[in-house]
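Below: the structure, in structure tokens.
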There are 2 protein chains.
Amino acid sequence: MQKKRITIYDIAKELSLSPSYVSKALNDHPSINDAAREKVKQKAKELNYKHNSLAANLRNGSSKTIGVIVPAINQRFFSDVIAGIEEKCNQEGHSLIICQSLESFELECKAIDTLIRQNVDCILISVSSQTKTMEHLLNAQVHDISLIQFDRCMEDIQGIKVLNNTFDSAYKATKAMIDAGYKSIAFLGGPAHIETFSQRKAGFLKAIEEAEMLIPYVYINENVLPMEEAKKMADKLLSSKLPPDAFLTVSDHQALGVMESAEKLGISIPKDLGLFGFANEDFSALVKPGLSSVDQMSKQLGISAASAYFEHKKSHSGTSMPDEVIYVDCELRIRDSINRGSKG
Amino acid sequence: MQKKRITIYDIAKELSLSPSYVSKALNDHPSINDAAREKVKQKAKELNYKHNSLAANLRNGSSKTIGVIVPAINQRFFSDVIAGIEEKCNQEGHSLIICQSLESFELECKAIDTLIRQNVDCILISVSSQTKTMEHLLNAQVHDISLIQFDRCMEDIQGIKVLNNTFDSAYKATKAMIDAGYKSIAFLGGPAHIETFSQRKAGFLKAIEEAEMLIPYVYINENVLPMEEAKKMADKLLSSKLPPDAFLTVSDHQALGVMESAEKLGISIPKDLGLFGFANEDFSALVKPGLSSVDQMSKQLGISAASAYFEHKKSHSGTSMPDEVIYVDCELRIRDSINRGSKG
DNA sequence: TTGTATGCGTTATCAA
DNA sequence: TTGATAACGCATACAA
């Protein structure tokens with residue numbers, strides 16, 4: 001148990017060298033010859049010396065630390081994204097500070113503040129659902145921190161945005177159902193003011209239009225994100241005079257609601273009802289029948305977001321972030337829930 | 001866009017004060033009167049000053065930062081634990097640095113090293129499945145970092161360990177099945193060398209013994225953690241001459257394997273087969289029939305682990321960690337999978 | 001109540 | 001090749 005932390009001074013004293021020389025040796029400075037360098041490193045190991053990043057970072061003005069702010073760490077999508085970010089940061093020798101906003105604007109501001117104080121070099125953020133203004137985000141940029149948004153973005157902020165191509169995936173998912181022979185497809189969406197949800201709706205509509213499918217307006221429902229509400233809506237539509245024969249939902253939980261409704265009403269999936277969800281949750285492969293879903297490749301999204309920072313840092317060091325949108329393609333996980341067997 | 005960071009020197013200059021005075025004012029030092037303090041804070045806000053934690057921490061010798069090392073961030077159990085830790089840390093004004101070992105001993109060592117360099121005050125760790133030695137953990141303690149283990153612990157390390165009471169929960173879960181009228185219960189376990197799994201087995205056996213139930217030795221199986229293996233084992237047992245009429249598994253994924261096996265063999269759950277899982281995964285409430293499972297209260301576990309650090313810090317500051325085990329009680333989530341209807 | 005001086009551990013610059 | 005020095009930004013002991 002050592003009382004005082006071992007520093008380069010201790011190493012220097014032991015070897016009768018100067019601290020600056022030791023520092024250079026440890027950092028593989030070219031002016032130090034191999035023998036001396038090895039001797040210093042040897043002694044450092046012997047004394048169980050650990051480089052003090054705090055001091056070095058203060059001196060260097062960079063913390064080699066990246067901050068991440070997400071609504072909730074323990075939401076599958078975000079924990080996957082973070083896992084991807086961590087992996088990339090680790091490769092690049094950077095540390096990761098994690099904050100959660102818990103969907104609160106106030107906590108989000110506090111998190112930004114913390115990260116500025118911590119001198120992070122970059123902030124990766126997916127904004128809370130409450131967030132409508134962006135001074136706090138701009139403030140990070142003012143403090144010379146690279147800001148990269150992912151998934152849930154504020155449109156008007158200059159900088160890199162990393163997004164799923166959800167328009168495209170919704171289009172493809174819908175098309176997959178049309179190809180499987182479903183004739184009248186309903187849509188269960190999320191809050192319209194969130195970009196990713198409006199995109200999903202737009203993708204859905206494009207596929208419907210292309211197929212020249214006529215859809216009653218009551219088939220298109222926004223803001224039914226909670227499973228219970230999705231279920232209620234499915235109940236209503238499936239018991240109506242003109243029931244849909246398929247659903248595209250923007251979450252797997254909604255899809256689950258539809259499944260329960262169908263079961264209750266004695267409607268068989270996929271024979272009489274097709275179903276396509278979003279997010280490819282763990283349970284989606286496990287329920288019966290297997291739920292077709294859009295895999296958002298969330299870990300890849302994290303990797304892409306972190307990589308965007310490192311690439312910018314390496315190539316355009318100094319210049320400000322480009323105003324760029326990076327799309328991470330989703331992949332369709334086709335399962336039994338749209339496997340109708342026969343077409344038409 | 002400010003070129004240079006605003007420091008207390010800038011504030012001091014603007015107000016014709018000394019930097020130390022500004023520092024005191026910002027930190028609510030008692031020797032500063034209200035008027036002066038407010039004036040300084042006002043100016044700080046005006047200049048968009050942000051306290052530099054790096055510098056302060058270097059000066060203070062404490063980073064107000066806690067490091068967490070888990071096998072994988074995006075495993076439900078761990079992301080829940082982390083969410084709890086984050087919440088507590090946030091309350092206490094501490095930051096969180098997250099590392100994942102990805103079940104690799106090497107990465108775990110690297111993570112410890114990173115956290116030592118980062119000057120974290122405390123490391124919360126759940127060791128990788130590869131970890132057999134503990135020098136790296138002791139080294140953290142040598143560097144004056146509080147070490148708190150949770151879930152997967154190295155027995156011989158002095159300090160606080162935060163654990164689920166899995167012995168007790170396995171016992172209760174088994175008992176719940178006995179009470180529901182199941183007569184011959186089989187056990188599907190995990191690697192025996194991991195404490196939490198041997199505890200689950202022991203709890204199971206205690207309940208069996210108490211009920212004076214005679215169990216064929218082939219009912220007790222360790223090391224069948226993967227779902228596929230659990231399924232194979234269930235196939236074997238359920239097709240044997242003396243099939244069990246219930247299973248306790250140590251994971252919900254195993255239980256899912258049992259469900260598939262039962263379905264294939266035309267055995268009805270819960271009528272002819274009871275089933276109790278572990279971890280209360282998201283899907284457990286969603287599968288049909290609902291899977292009874294042990295809820296490990298993982299977020300609470302994270303809160304408890306972090307709280308243990310803060311309490312120790314506040315009350316016994318300076319002294320080394322006590323050798324203490326904190327148990328976080330699990331809760332049984334009883335669902336249809338053991339709802340047999342009639343007893344006997 | 002206010003200010004001065006010093007050090008936390010590192011690294012870059014410059015000089016020897 | 002080696003070393004002295006200053007600086008990063010802050011907070012504390014001490015002096016005024």
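Naming convention: chains lettered A, B, ... in sequence-line order (proteins, then strands); numbering from 1 in each chain. What you see is a predicted model; the values in this text were computed from it and never measured.
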Can a salt bridge be assigned to the pair [X] and [Y] using a cut-off of 4.0 Å between side-chain N and carboxylate O?
X: B/Glu46; Y: B/Lys43; value: yes
X: B/Lys314; Y: B/Glu92; value: yes
X: B/Asp34; Y: B/Arg37; value: yes
X: B/Asp121; Y: B/Lys64; value: no

Under 3.5 Å, which protein N or O atoms sit close to an N or O of nucleotides 11-15 of chain D? Give each pair with its distance.
residue: D/dA11; atom: OP1; partner: B/His51; partner atom: NE2; Å: 2.9
residue: D/dA11; atom: OP2; partner: B/Ser23; partner atom: OG; Å: 3.0
residue: D/dA11; atom: OP2; partner: B/Asn27; partner atom: ND2; Å: 3.1
residue: D/dA11; atom: N3; partner: B/Arg59; partner atom: NH1; Å: 2.2
residue: D/dT12; atom: O4'; partner: B/Arg59; partner atom: NH2; Å: 3.2

Output every pair passing ring pair (Phe, Tyr, Trp, His ring centres under 6.0 Å) with a member in residues 90-129 of chain A, not counting sequence neighbours, ordered by first then second residue.
->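 Listed once each, the pairs are A/His94-A/Phe310, A/Phe105-A/His136.
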Could you state the atom-to-atom distance from [atom1] of [X] to [atom2] of [N] in whole Å?
X: A/Ile6; N: C/dC8; atom1: CD1; atom2: C1'; answer: 16 Å
X: B/Asp10; N: D/dC8; atom1: CG; atom2: C1'; answer: 13 Å
X: A/Leu54; N: D/dA7; atom1: CG; atom2: P; answer: 21 Å
X: A/Leu58; N: D/dA7; atom1: CG; atom2: C1'; answer: 9 Å
X: A/Asp28; N: D/dT1; atom1: CG; atom2: P; answer: 14 Å
X: B/Asn33; N: C/dT1; atom1: CG; atom2: C1'; answer: 8 Å
X: B/Lys64; N: D/dC10; atom1: NZ; atom2: P; answer: 15 Å
X: A/Ile11; N: D/dG3; atom1: CD1; atom2: P; answer: 14 Å

Have a look at A/Leu17 and say if it touches a base, only the backbone sugar-phosphate, or nothing, with a 4.0 Å heavy-atom cut-off.
->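 It contacts sugar-phosphate atoms only.
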Tell me what A/Asn57 touches on the nucleic acid: a base, only sugar-phosphate, or nothing, going by heavy atoms under 4.0 Å.
->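 A/Asn57: no heavy atom of the nucleic acid under 4.0 Å.
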B/Met154 side chain reached by B/Val127 side chain, heavy atoms, under 4.5 Å =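 Yes, side chains in contact.
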Would you mind writing out the side-chain donor-acceptor pairs for residues 70-78 of chain B within the sub-3.5 Å range, not counting sequence neighbours?
residue: B/Asn74; atom: ND2; partner: A/Asp80; partner atom: OD1; Å: 2.8
residue: B/Arg76; atom: NE; partner: B/Asp80; partner atom: OD2; Å: 3.4
residue: B/Arg76; atom: NH1; partner: B/Asp282; partner atom: OD1; Å: 3.2
residue: B/Arg76; atom: NH1; partner: B/Asp282; partner atom: OD2; Å: 2.7
residue: B/Arg76; atom: NH2; partner: A/Asn74; partner atom: O; Å: 3.2
residue: B/Arg76; atom: NH2; partner: B/Asp80; partner atom: OD1; Å: 3.1

Can you tell me if the side-chain N/O atoms of A/Thr7 get under 4.0 Å from OP1 or OP2 in C/dG9?
->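 The answer is no; no side-chain N or O of A/Thr7 sits under 4.0 Å from OP1 or OP2.
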B/Ser31 side chain: which of D/dC10, C/dT1, C/dG9 is closest?
->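 So the side chain of B/Ser31 is nearest to C/dT1.
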